[in-house]
Amino acid sequence: MNVDDLVAIDVHTHAEVSKDGHESLSPELLRASAKYFKDHPRPTIPEMAAYYCERRMAAVVFTVDSEHATGHPPIPNEEVAESCAEHPDVLIPFASIDPWKGRAGARQARRLVERYGVRGFKFHPSSQGMAPNDPVAYPLYEVIEELGVPALFHTGQTGIGAGVPGGGGIRLKYSNPMLVDDVAVDFPELRIILAHPSFPWQDEALAVATHKPYVYIDLSGWSPKYFPPQLIQYANTLLRDKVLFGSDYPVITPDRWLADFDKLDIRPEVRPRILKENAARLLGLAVPG
């Protein structure tokens with residue numbers, strides 16, 4: 001991957017359908033998601049590669065393993081990794097392991113990094129039905145920290161389960177960034193990404209990222225025109241080296257995100273850091289320039 005040739009690195013995109021047509025969500029949650037996010041295409045991973053290649057961008061790709069809480073099998077991590085490996089100039093594979101798998105999940109994480117080239121791990125505490133600081137997940141974090149790859153945690157409200165009675169069993173409280181602060185304390189060398197503007201806990205996310213040196217924030221899931229003022233202020237100043245471009249594709253396209261980002265009052269010297277340079281450093285890619 002030639003980072004110098006890239007316009008941006010999108011650190012947050014979803015593989016929503018497998019090669020055999022298996023969906024990443026259960027039928028009930030998929031219907032609710034389509035209503036909440038409006039209908040959107042669900043591209044295959046090769047289609048994602050073509051989409052990002054056309055835009056001269058790289059993209060981190062993952063699915064979410066929430067099988068314990070939802071009963072729905074995930075898209076296999078191995079398939080995501082192998083498909084991304086076919087497009088190494090544009091796609092960066094992350095994996096997702098249900099924390100309820102405990103030490104079995106830890107063994108799986110090691111195998112995915114060492115054999116399949118996985119570059120990080122995605123967690124969604126609300127849909128996985130577990131607080132990030134639950135000790136059950138600690139064997140998994142221990143291995144991820146040892147392997148030196150990032151852990152990306154969904155934070156804030158989620159559209160998954162929105163409108164379903166009882167939210168489809170999904171509890172928003174598990175995605176409070178302050179719960180991830182415990183993880184940052186207990187695993188001080190673990191690189192952590194807090195995904196999304198963390199409504200209704202934006203200030204908590206900013207506090208954690210400011211206080212803990214290896215905690216970052218990605219800006220996915222929202223159009224930048226809706227970013228709260230304090231997020232823009234911190235992105236321009238204290239967190240200029242720790243804020244990352246993410247779209248949440250295919251729910252939000254990078255085209256729409258970048259068009260709205262262009263209108264934000266972001267300092268010229270900060271823009272390339274957010275769009276590419278911070279992610280390149282975090283992911284261990286060649287740093288441009």
Side-chain angles (χ1 to χ4, degrees), residues 11-12 14 60 62 64-66 69 94 96-100 120-138 140-142 144-145 149-162 167 170-224 226-248 251-252 257 274 278-279 282-283:
V11 303
H12 198 119
H14 289 266
V60 169
F62 47 71
V64 178
D65 181 355
S66 303
F94 272 32
S96 181
I97 296 175
D98 196 320
W100 288 103
F121 290 85
K122 157 76 173 188
F123 296 94
H124 197 302
S126 291
S127 70
Q128 290 172 329
M130 173 184 281
N133 58 358
D134 192 308
V136 171
Y138 276 32
L140 180 52
Y141 301 152
E142 183 178 359
I144 296 172
E145 181 184 45
V149 296
L152 185 151
F153 290 84
H154 172 94
T155 64
Q157 184 181 2
T158 179
I160 305 302
I170 291 172
R171 300 178 190 274
L172 299 181
K173 66 180 181 179
Y174 291 145
S175 289
N176 186 328
M178 291 306 298
L179 301 176
V180 184
D181 184 66
D182 286 343
V183 180
V185 170
D186 295 336
F187 299 90
E189 299 298 322
L190 178 63
R191 272 55 178 174
I192 293 171
I193 303 170
L194 302 176
H196 313 308
S198 304
F199 173 80
W201 302 294
Q202 183 63 78
D203 289 341
E204 285 87 338
L206 294 172
V208 175
T210 304
H211 190 258
K212 301 299 187 295
Y214 299 135
V215 175
Y216 299 74
I217 291 176
D218 90 31
L219 301 175
S220 65
W222 289 38
S223 164
Y226 298 119
F227 288 173
Q230 68 269 40
L231 177 58
I232 298 171
Q233 178 184 354
Y234 274 74
N236 259 329
T237 55
L238 293 177
L239 297 180
R240 62 187 178 275
D241 294 322
K242 301 177 73 179
V243 173
L244 312 168
F245 161 49
S247 66
D248 219 4
V251 173
I252 294 178
W257 194 99
I274 293 175
N278 294 342
L282 176 61
L283 295 172

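Here the structure is a predicted model, which is why all the values come from computation and not from measurement. We're numbering straight along the sequence, starting at 1.
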Review point. CD1/I170 to NE2/H124 distance, rounded to the nearest 0.5 angstrom?
Key: 6.5 Å

Check your understanding: Which atoms form the tightest heavy-atom contact between A69 and G129, and what is the distance?
Key -> CB-N, 4.1 Å

Review point. Backbone N or O of F123 within a donor-acceptor pair of the S96 side chain at under 3.5 Å?
Key: no

Point to revise | Q157 side-chain N/O to F199 backbone N/O, donor-acceptor pair under 3.5 Å | key: no

Revision key, fill the gap. Nearest heavy-atom contact between P150 and L283 is CG-CD2, 4.2 Å

Check your understanding: Between V64 and S127, is a side-chain contact (heavy atoms from CB on, under 4.5 Å) present by the stated rule, with each step listed?
Key -> CA-CA 9 Å; V64 178; S127 70; 3.9 Å; yes

Revision key, fill the gap. dist R191:CZ -> L282:CG (nearest 0.5 Å) comes out at 8.0 Å

Exercise for review: Check step by step if side-chain contact (heavy atoms from CB on, under 4.5 Å) holds for V208 and W201.
Suggested key: CA-CA 11 Å; V208 175; W201 302 294; over 6 Å; no

Review point. Once you round to the nearest 0.5 Å, how far does CG of L190 lie from CD of E142?
Key: 11.0 Å

Practice item. Could you list the residues that satisfy ring-ring contact (aromatic ring centres under 6.0 Å, His included) with F187, not counting sequence neighbours? Key: Y138, Y141

Review point. Should W257 and L219 be marked as a side-chain contact (heavy atoms from CB on, under 4.5 Å) after you check the CA-CA gap, both sets of side-chain angles, and the distance that decides it?
Key: CA-CA 10 Å; W257 194 99; L219 301 175; 3.7 Å; yes

Review point. Given P224, which of Y226, W222, F227 fulfils the side chain to side chain contact (heavy atoms under 4.5 Å, CB included) condition?
Key: F227

Exercise for review: With the side chain counted from C-beta on, respond yes when V180 and V215 share a heavy-atom pair under 4.5 Å apart, and no when they do not.
Suggested key: no

Review point. With no hydrogens and no angle check, is any side-chain donor or acceptor of T155 less than 3.5 Å from a backbone partner on A195?
Key: yes

**Study point:** Y216 atom OH: more than 12 heavy-atom contacts under 6.0 Å
**Key:** yes

Revision key, fill the gap. For S247 and I252, the nearest pair of non-hydrogen atoms, with its separation, is O-CB, 3.4 Å

Practice item. Please answer whether the main-chain N or O of V136 pairs with a side-chain N or O of W100 as donor and acceptor at a distance below 3.5 Å. Key: no

**Study point:** Approximate separation, where rounding is to 0.5 Å, of L179 CG and M130 CE
**Key:** 12.5 Å

Revision key, fill the gap. Those residues at least two apart in sequence (or on a different chain) that pass ring-ring contact (aromatic ring centres under 6.0 Å, His included) with H196 are H12, H154

Practice item. Say whether, by atom type as modelled, one donor and one acceptor occur between the side chain of N278 and the main chain of L244 under 3.5 angstrom. Key: no

Practice item. Only pairs at least two apart or in different chains count here, so list each salt bridge (Lys or Arg N to Asp or Glu O under 4.0 Å) that has a residue in residues 173-184. Key: D181-K212

Check your understanding: Stepwise, does the side-chain contact (heavy atoms from CB on, under 4.5 Å) test hold for V251 with H14?
Key -> CA-CA 9 Å; V251 173; H14 289 266; 5.8 Å; no

Exercise for review: Over all heavy atoms of both residues, which pair between S66 and Q128 is shortest? Give the atoms and the distance, please.
Suggested key: OG-CG, 3.5 Å

Check your understanding: Among L152, I193, I97, D65, which residue meets the side chain to side chain contact (heavy atoms under 4.5 Å, CB included) test with K122?
Key -> L152

Check your understanding: Can you name the closest pair of heavy atoms from V11 and A279 and give their distance?
Key -> CG1-CB, 3.7 Å

Check your understanding: Where do Q230 and D203 land on the side-chain hydrogen bond (donor to acceptor under 3.5 Å, both in side chains) test, with the steps shown first?
Key -> CA-CA 8 Å; Q230 68 269 40; D203 289 341; 2.9 Å; yes

**Study point:** Spatial distance of atom OG1 (T210) from atom CG (L239) [nearest 0.5 Å]
**Key:** 4.0 Å

Practice item. Could you pull out the closest heavy-atom pair between L140 and P99, with the gap in Å? Key: CD2-CA, 4.3 Å

Point to revise | Atom pair OG/CG of S126 and N176 - distance to nearest 0.5 Å | key: 10.0 Å

